[in-house]
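First the structure, in the form of structure tokens, and then the observations on it.
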Amino acid sequence: MHTTEHHWITTPITADILRGALDLERTAHGLLPHRLPAWARAQCADGQLAMVEAQPSGVRLVFRTRATAVELDTLPTKRVYAGAPPRPDGVYDLLVDGRLTAQSTVTGGNTLAIDLATGTAESHPGPAGTLRFADLPDGVKDIEIWLPHNETTELVALRTDAPVEPVPDRGRKVWLHHGSSISHGSDAASPTAIWPALAASLGGVELINLGLGGSALLDPFTARTMRDTPADLISVKIGINVVNADLMRLRAFGPAVHGFLDTIREGHPTTPLLVVSSILCPIHEDTPGPAAFDFHALGSGRLRFLATGDPAERAAGKLTLGVIRDELSRIVEQRSADDPHLHYLDGRDLYGEADAAELPLPDGLHPDAATHRRIGERFATLAFAADGPFADHSA
């Protein structure tokens, strides 16, 4: 329940105060942000994709107000994994005039109970909760509330103690990024601490994050979504999901990459387009997928992944990260002869062998919070530098 010490104004949550979402679904409770449009969601019956695209990584409420108190009612859906330690509640980040000012969580909500051993999931309904930020500075200010990157969040109501209006266009470039769970923000500390959000902040750009956990699989509907989304800068991070899903062989991979890039170029023929290969992931550097849960570790309360393929099968076209990096480099070199705005970045320049020795991936696949920061800072340095692929040449 919200308090009565303020004269609350309820503002409808509409697209003009919500950034980073590509579709808004009206639900029985409120508004559910999606990161893929409805037509794209209809083309894939995969439950993993349905779950992750509805997790609002990079999605934030943005408005201008004199309010000193803000309340947001939400209905989260929290995941519980059988046999694994409880997951922390999703974090909401409050930015005031671009600075992280406060963080909070919402209790309650729905629960999605997932059994990794059987691949089954059960949903259990729960109540909505209220997020409250008070004692904000007086005067006109720009407020951003970044939604939890890893927790499905239905927006129920927004209340403030002063009127709200959209923030005028700052003239910032829009960066559209697609990648795996690492780009989605897996194991980052909070929504503004995922590596794409950090890089966007350092680069002074507006982020649209199509990091889709487990689902960076060169799907044609994702390419068409990117083709149709206005953007000034585009990047695609390709590799780890194709390997750990054991999705395709080398014969199919090359044409799929070409087709993905061709589709993006239909809508963005001269936009800077950066192809990024996977960061170092020791279990899959030379060993094909599929990846599997280490159930022995899970029995000890730890989540770890294993590569279950046979390195000898590379000769038959099975993919490893090493094979994929070579192919991506070759494809970009070939295409860039006719496409001067196409670039390649080896993901090991973001996180390589020395980094893995210092900051190993805790579960074998995903970086921790400190590594997200390192990747974000390095990406910003490499991509947004004066001689980088995303350099601003407008001045």
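In what follows, residues are counted from 1 in the order of the sequence shown. Side chains included, hydrogens not; waters and symmetry mates left out as well; all remaining heavy atoms used. Since we're looking at a predicted model, the values are computed, not measured.
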Donor-acceptor pair, side chain of Ser181 and main chain of His184, under 3.5 angstrom: no
Using a strict threshold of under 4.0 Å (side-chain N to carboxylate O), is an ion pair present between Arg19 and Glu144? no
Check ion pair Arg64-Asp142 (N to O, under 4.0 angstrom): yes
Side chain proximity check, Phe384 to Val205, heavy atoms < 4.5 angstrom: yes
May I ask you to decide if Ser215's main-chain N or O and Asn241's side chain share a donor-acceptor pair within less than 3.5 Å? yes
Where the side chain of Ser201 meets the backbone of Ala197, is there a donor-acceptor pair that is under 3.5 Å apart? no
Over all atoms of both residues, closest heavy-atom pair of Arg227 and His268: O-NE2, 3.3 Å
Hydrophobic clusters here meaning ILVMFWY residues chained together by side-chain heavy-atom distances under 4.5 Å, can you tell me if Ile17 and Leu95 are in one? no
How close do Ser180 and Ile240 get, heavy atom to heavy atom, and via which atoms? OG-CG2, 3.4 Å
If hydrophobic clusters are built from ILVMFWY residues whose side chains come within less than 4.5 Å, do Leu273 and Ile324 share one? yes
With distance as the sole test, does Thr10 use its side chain to make a donor-acceptor pair with the main-chain N or O of Trp8 at under 3.5 Å? no
Taking the side chain as C-beta and beyond, is there a heavy-atom pair between Leu72 and Ile13 under 4.5 Å? yes
Between Asp349 and Arg378, does any NZ, NE, NH1 or NH2 come within less than 4.0 Å of an OD or OE carboxylate oxygen? no
Value for CD (Glu151) from OH (Tyr92), rounded to nearest 0.5 Å, stands at 6.0 Å
Answer whether the closest heavy-atom distance between the side chains of Leu365 and Cys281 falls below 4.5 Å. yes
Would you say Thr65's side chain and Pro163's backbone share a donor-acceptor pair under 3.5 angstrom? yes
Nearest heavy-atom pair of Trp146 and Gly58: which atoms, and what distance? CZ3-CA, 3.8 Å
Leu210 vs Thr229 side-chain heavy atoms within contact, under 4.5 Å: no
Just wondering, do Pro166 and Phe63 contact through their side chains at under 4.5 Å, heavy atoms? no
same_hphob_cluster(Leu131, Leu147) at 4.5 Å side-chain heavy-atom cutoff: yes
Check the pair Asp262, Arg335 against side-chain contact (heavy atoms from CB on, under 4.5 Å), reporting the backbone distance first and the verdict last. CA-CA 10 Å; Asp262 284 345; Arg335 294 177 65 105; 2.8 Å; yes
Thr74 side, atom OG1; Leu32 side, atom CG - distance, nearest 0.5 Å: 11.5 Å
About how many Å separate NE2 of His178 and OG1 of Thr225, when rounded to the nearest 0.5 Å? 9.5 Å
Distance col, row Phe221:CZ vs Met226:CE, nearest 0.5 angstrom, shows 13.0 Å
I need the minimum non-hydrogen distance between Leu155 and Pro33, along with the two atoms involved. CD1-CG, 4.1 Å
From CA spacing to verdict: side-chain contact (heavy atoms from CB on, under 4.5 Å), Thr153, Val59: CA-CA 10 Å; Thr153 305; Val59 179; over 6 Å; no
Please test Arg314 against Asp286 for salt bridge (charged side-chain N to carboxylate O under 4.0 Å, His left out), starting from the C-alpha separation and ending with a verdict. CA-CA 9 Å; Arg314 286 178 296 176; Asp286 301 302; 3.7 Å; yes
Candidate pair Asp23 and Arg41, rule side-chain contact (heavy atoms from CB on, under 4.5 Å), full reasoning: CA-CA 11 Å; Asp23 191 23; Arg41 304 195 303 271; 3.0 Å; yes
Check this for me, if you would: do Glu333 and Arg330 make a salt bridge, where the nitrogen-to-carboxylate-oxygen distance has to be below 4.0 angstrom? no
Do Ser186 side-chain atoms and Ile182 backbone N/O form a donor-acceptor pair below 3.5 Å? no
Using a strict threshold of under 4.0 Å (side-chain N to carboxylate O), is an ion pair present between Asp73 and Arg159? yes
How about His366 and Phe305: are their ring centroids closer than 6.0 Å? yes
Would one find more than 12 heavy atoms of other residues, nucleotides or ligands at under 6.0 Å from atom CD of Glu353? no
Flag the pair Ser235 / Leu233 as yes when at least one side-chain heavy-atom distance between them is below 4.5 Å, and no otherwise. no
From Leu49 CG over to Cys44 SG, what is the distance, rounded to the nearest 0.5 angstrom? 5.0 Å
Basic-acidic side-chain contact under 4.0 Å: Glu71, Arg132: yes
Just wondering, do Asp93 and Arg60 contact through their side chains at under 4.5 Å, heavy atoms? no
What's the shortest heavy-atom distance between Ala386 and Ala391, and which atoms? O-CB, 3.3 Å
Could you walk me through whether Ile9 and Val164 satisfy the side-chain contact (heavy atoms from CB on, under 4.5 Å) test, starting with their C-alpha distance in whole Å, then the side-chain angles of each, then the deciding distance to 0.1 Å, before giving a yes or no? CA-CA 9 Å; Ile9 300 170; Val164 161; over 6 Å; no
Between Asp338 and Arg265, does any NZ, NE, NH1 or NH2 come within less than 4.0 Å of an OD or OE carboxylate oxygen? no
To the nearest 0.5 Å, how far apart are OH in Tyr81 and CG in Leu112? 7.5 Å
Ignoring hydrogens and geometry, is there a side-chain-to-backbone donor-acceptor pair from Asn209 to Ser183 under 3.5 Å? yes
Going by an N to O cut-off under 4.0 Å, is there a salt bridge joining Arg374 and Asp368? no
Determine, using ring centers only, whether Phe379 and Trp175 are less than 6.0 Å apart. yes
Ignoring hydrogens and geometry, is there a side-chain-to-backbone donor-acceptor pair from Ser336 to Leu342 under 3.5 Å? no
Counting only N and O atoms by type, is there a donor-acceptor contact under 3.5 Å from the side chain of Arg348 to the main-chain atoms of Ser277? no
Would you say Lys318's side chain and Ala316's backbone share a donor-acceptor pair under 3.5 angstrom? no
Taking all non-hydrogen atoms of both residues into account, name the closest pair between Val91 and Ala189 and its distance. CG2-O, 3.9 Å
Under-4.0 Å salt bridge between Arg249 and Asp246: yes
Do Leu217 and Leu250 belong together in a cluster built from hydrophobic side chains that touch within less than 4.5 Å? yes
Tell me, do Asp161 and His7 make a side-chain contact under 4.5 Å, heavy atoms counted? no
Would one find more than 12 heavy atoms of other residues, nucleotides or ligands at under 6.0 Å from atom CZ of Arg251? no
Find out if a path of hydrophobic residues (ILVMFWY) with successive side-chain heavy-atom gaps under 4.5 Å connects Leu18 to Val167. no
Please indicate whether Arg373 has more than 12 foreign heavy atoms, meaning atoms of other residues, nucleotides or ligands, lying under 6.0 Å from its CZ. no
